[in-house]
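Here is the structure we will look at, set down as structure tokens.
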Amino acid sequence: MSISTSVLSDLLDSLPHLRPQLYFKASLTALSHAMEDQVLAANLDRPLIIASFQKERFYRQEAHRYQRLAEKSNQIYVLSAPETEFANSSGYYEKVAFEPDDALAQEWHLLVVADNYATCLICRESLGSLAKNQHIPEMIPSLDMDTARRFEGIWTSEKRVCLKAAQLLLERIQVYRPDLAGKVDEVFSRLGIGKLTGQSVVSSDREYACDLDTDPFVQRLVTYLQASQYKLHKAYRSIAAQARKERLVNSISTAIRRSLDPQEILQVAAQELGQHLEACRCLIYRAQATDAKAIIEHEFLNSNITSVLGQSWELEHNPLFQQVLQQLEGVCVADTLGDYQVKKSPALSSIVRQFGVRSWLIEPVLYQGRLLGIVELHDCHFPPHEWQPGELDLVKAIATQIGAALIQAESFANLEELNQQLEALDRTRSNLIAITGHELRTPLSTIQVCLESLATEPDMPWELQQVMLSTALADSERMRKLVQDFLTLSNLESGRVEWHPESLTIQECIDLALSRLRTRSSQEKIPQIKTQISDNLPLVRADGDWLVEVIAKLVDNACKFTPSSGQIIIKAISNGQEMLEVTVADTGRGIEPNRLEIVFDRFYQEEGALRRTTGGTGLGLAICRQIVNGWNGKIWAESTGKDQGSQFHFTIPIVQGSQFSLISRSPTSHS
């Protein structure tokens with residue numbers, strides 16, 4: 001029943017304008033998978049899919065993909081020359097077994113035809129490439145012969161070519177599977193196979209455009225291009241085993257030393273080591289001698305192997321880990337099913353059963369006798385893997401490099417942290433000098449001028465004398481507040497403050513804070529202030545003086561940056577069962593989103609120390625944060641941007657079981 005004619009030859013004879021191209025095996029694999037991905041990704045109506053795999057072993061590698069494709073269509077035909085169990089059958093799709101001496105055994109075909117989409121890949125293997133492979137010396141047995149396989153053929157989306165190829169392949173299918181005649185006739189009729197001729201093809205081709213997502217296609221091509229390059233590189237490296245190991249150590253060492261991020265170092269090392277040793281699983285995790293457990297954070301997996309990423313690994317009752325800890329040397333288990341230590345340990349037996357570990361290698365990551373982590377290699381295949389001396393030496397060398405890189409990364413992290421602290425101290429020093437210089441020099445100059453005028457002008461009118469005295473007193477009070485803020489923040493940060501918590505009503509504390517504001521100069525016009533306090537608020541537990549201080553400073557801060565025509569609202573609501581949330585909202589200048597955190601830093605000044613239009617040391621919000629932290633509350637700012645106003649929130653602990661009933665009142669206004 002075998003047929004000696006080639007589908008490619010018949011297609012070229014029928015359509016003489018076609019010109020075949022040369023393809024390597026890796027390129028055809030990429031194209032085939034990309035075409036299959038298009039079917040999976042696109043919304044095609046019952047496409048016709050025909051795939052010819054030459055031999056059964058090639059089909060077995062792709063069988064799972066065609067089960068997925070079968071969900072898209074009932075018109076899928078897979079052709080292959082049987083080698084073991086492949087035979088004519090109907091299941092997820094139609095299997096067509098052709099004779100080994102059929103011309104199809106030398107060809108590679110994939111065809112997809114739908115109402116609005118068509119593409120086909122019709123190729124024949126070049127016998128010259130096979131003959132050339134036969135002359136490769138046997139001294140390089142690991143060289144991948146597939147990389148040298150070449151094919152000539154057609155890859156196109158031209159409708160007429162696709163339909164003609166479909167016709168030739170369906171006729172070939174009917175020869176081997178006459179029982180599919182009805183199904184084949186149906187697809188002939190539905191897709192109009194064999195009916196397009198002459199001028200009608202041109203108009204049909206215009207209607208055949210289909211807006212498909214090409215991302216899966218491009219991704220598949222890129223993936224296979226990278227895979228092909230890696231396979232070729234691996235083949236050449238296998239020529240000299242010792243040189244390969246040296247290059248491996250150098251490449252991993254370079255990769256992990258290029259980074260100062262410990263997480264990146266471990267991930268790169270796990271990936272590189274697992275790939276080059278072709279392990280089923282390679283794990284690297286941080287562990288110290290005193291740790292009872294470790295979390296697997298870095299993993300390399302071979303195909304079809306269960307991941308252990310995120311698993312908690314027993315260390316305290318792990319006899320292999322304890323052996324490594326005692327000897328500070330690696331431990332290898334050739335066969336976990338027969339190893340006594342594994343059998344008697346429930347923790348290890350559970351790992352072996354759950355994750356299929358058959359051969360196990362554990363190597364410590366050390367630096368000057370200090371344990372930093374563990375490298376594990378797992379082999380999950382039968383028969384068990386005998387760890388070779390060269391592999392053990394290689395893993396030990398990589399573990400040594402990882403240890404040095406981790407210490408280097410930790411040292412850099414510590415140095416970077418110290419540098420940041422020094423930079424912060426330097427900024428604080430600069431701000432302190434600038435702010436104190438400005439805030440002290442200005443009132444001192446004013447006080448000096450006033451006192452000199454009073455001393456040298458005895459005939460000064462009484463009214464002017466009062467103005468001079470008032471100005472000097474006001475600036476001396478400004479200096480007193482500056483010194484007081486410095487002392488307050490210093491005491492809070494050093495922990496020298498003694499807290500005296502008591503049960504309080506938030507309304508009383510707000511009233512006390514606002515009463516401070518009314519003592520300000522009558523000449524200074526402030527925005528309208530309103531309070532909106534929810535009824536039946538519970539009592540809060542805090543130091544009353546410090547709570548009033550927080551509210552007063554937040555209101556004072558809002559007044560500084562809100563015009564007199566603006567408005568400030570103070571709210572208080574119960575936030576869950578444990579905290580009361582207080583909000584001071586204004587309609588003023590607002591805060592840029594990227595500065596919402598740093599406004600609480602010491603000496604922070606939005607406009608700079610010497611350019612600002614409002615007075616102050618920039619310590620008020622820093623003091624508020626220290627006070628709120630003292631009662632384990634939280635404080636934060638919100639603003640949508642410049643000139644959009646801002647809201648400052650803080651929380652206070654609630655007295656459990658308390659409920660304070662406020663006298664019914666409308667919101668109070670203060671102006």
Side-chain angles (χ1 to χ4, degrees), residues 1-15 18 20-33 35-36 48-66 69 76-112 119-136 144-156 161-162 164-180 184:
M1 191 188 294
S2 64
I3 303 174
S4 59
T5 59
S6 162
V7 174
L8 177 63
S9 298
D10 292 343
L11 182 64
L12 295 176
D13 291 341
S14 302
L15 302 170
L18 295 176
Q21 301 291 326
L22 180 66
Y23 300 94
F24 284 93
K25 189 257 184 180
S27 301
L28 290 187
T29 302
L31 289 173
S32 298
H33 284 195
M35 291 165 64
E36 293 160 4
L48 168 66
I49 303 174
I50 303 176
S52 180
F53 283 103
Q54 293 185 305
K55 298 178 182 180
E56 181 183 349
R57 59 178 174 271
F58 302 136
Y59 153 77
R60 287 198 299 267
Q61 298 172 5
E62 306 294 333
H64 66 285
R65 294 180 62 82
Y66 279 82
L69 290 169
I76 298 181
Y77 303 86
V78 175
L79 297 84
S80 179
E83 292 178 295
T84 56
E85 300 175 352
F86 190 87
N88 290 335
S89 63
S90 299
Y92 293 100
Y93 41 83
E94 302 295 343
K95 294 182 182 178
V96 181
F98 53 78
E99 298 294 337
D101 58 347
D102 193 308
L104 288 171
Q106 303 300 328
E107 299 190 334
W108 182 317
H109 307 316
L110 179 60
L111 178 139
V112 180
T119 184
C120 68
L121 180 62
I122 307 296
C123 292
R124 176 174 56 204
E125 186 160 8
S126 171
L127 297 179
S129 66
L130 294 176
K132 182 178 292 186
N133 287 345
Q134 294 173 359
H135 297 291
I136 296 177
D144 188 357
M145 302 302 179
D146 268 1
T147 58
R149 291 175 62 191
R150 292 182 297 174
F151 293 75
E152 60 175 354
I154 301 297
W155 170 44
T156 182
V161 177
C162 295
K164 183 60 182 178
Q167 176 185 350
L168 295 173
L169 287 169
L170 287 172
E171 289 174 353
R172 190 67 61 93
I173 290 170
Q174 284 182 306
V175 171
Y176 288 99
R177 293 286 304 275
D179 57 304
L180 298 178
V184 171

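Computation of the quantities below employed the complete heavy-atom set of this structure, encompassing side-chain atoms and omitting hydrogens, waters and symmetry-equivalent molecules.
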Could you check if a side-chain atom of [X] sits within less than 4.5 angstrom of a side-chain atom of [Y], using non-hydrogen atoms only?
X	Y	value
Asp179	Asn88	no
Tyr77	Val184	yes
Thr29	Lys25	yes

Let me see the working for Tyr93 and Ile49 under side chain to side chain contact (heavy atoms under 4.5 Å, CB included), right down to the final yes or no.
-> CA-CA 10 Å; Tyr93 41 83; Ile49 303 174; over 6 Å; no
Residue of the set Tyr66, Trp108, Phe58 for which ring pair (Phe, Tyr, Trp, His ring centres under 6.0 Å) holds with Phe53 | Tyr66
Distance-minimising heavy-atom pair for [X] and [Y]:
X	Y	result
Phe151	Arg149	CZ-NH2, 3.5 Å
Tyr176	Val96	CB-CG1, 3.7 Å
Leu11	Leu168	N-CD1, 3.6 Å
Leu79	Phe86	C-CZ, 4.5 Å
Ile50	Ala166	CD1-O, 4.4 Å
Phe24	Arg150	CE2-CG, 3.3 Å

Modelled atom types, side-chain donor and acceptor of Ser80 and Arg60, under 3.5 Å = no
Cut-off 3.5 Å, side chains only: do Glu107 and Ser52 have a donor facing an acceptor?
-> no
With rounding to the nearest 0.5 Å, note down the distance linking [atom1] in [X] to [atom2] in [Y].
X	Y	atom1	atom2	answer
Ile122	Asp10	CD1	CG	11.0 Å
Leu169	Lys164	CG	NZ	11.0 Å
Lys95	Tyr59	NZ	OH	3.5 Å
Ile154	Gln21	CD1	CD	7.0 Å
Cys120	His109	SG	NE2	10.0 Å
Ser6	Gln106	OG	CD	10.0 Å

Give the intermediate values and the outcome of side chain to side chain contact (heavy atoms under 4.5 Å, CB included) for residues Val175 and Phe98.
-> CA-CA 9 Å; Val175 171; Phe98 53 78; over 6 Å; no
For a salt bridge (Lys or Arg N to Asp or Glu O under 4.0 Å) with Arg57, tell me which candidate from Glu85, Glu83, Glu62 qualifies.
-> Glu83
Any donor-acceptor N/O pair, Glu36 side chain to Leu69 backbone, under 3.5 Å | no
Is the backbone N or O of Ser89 less than 3.5 Å from a side-chain atom of Arg177, with the two atoms forming a donor-acceptor pair by type?
-> yes
Given side chain to side chain contact (heavy atoms under 4.5 Å, CB included), test Trp155 with Leu28 step by step and report yes or no.
-> CA-CA 10 Å; Trp155 170 44; Leu28 290 187; over 6 Å; no
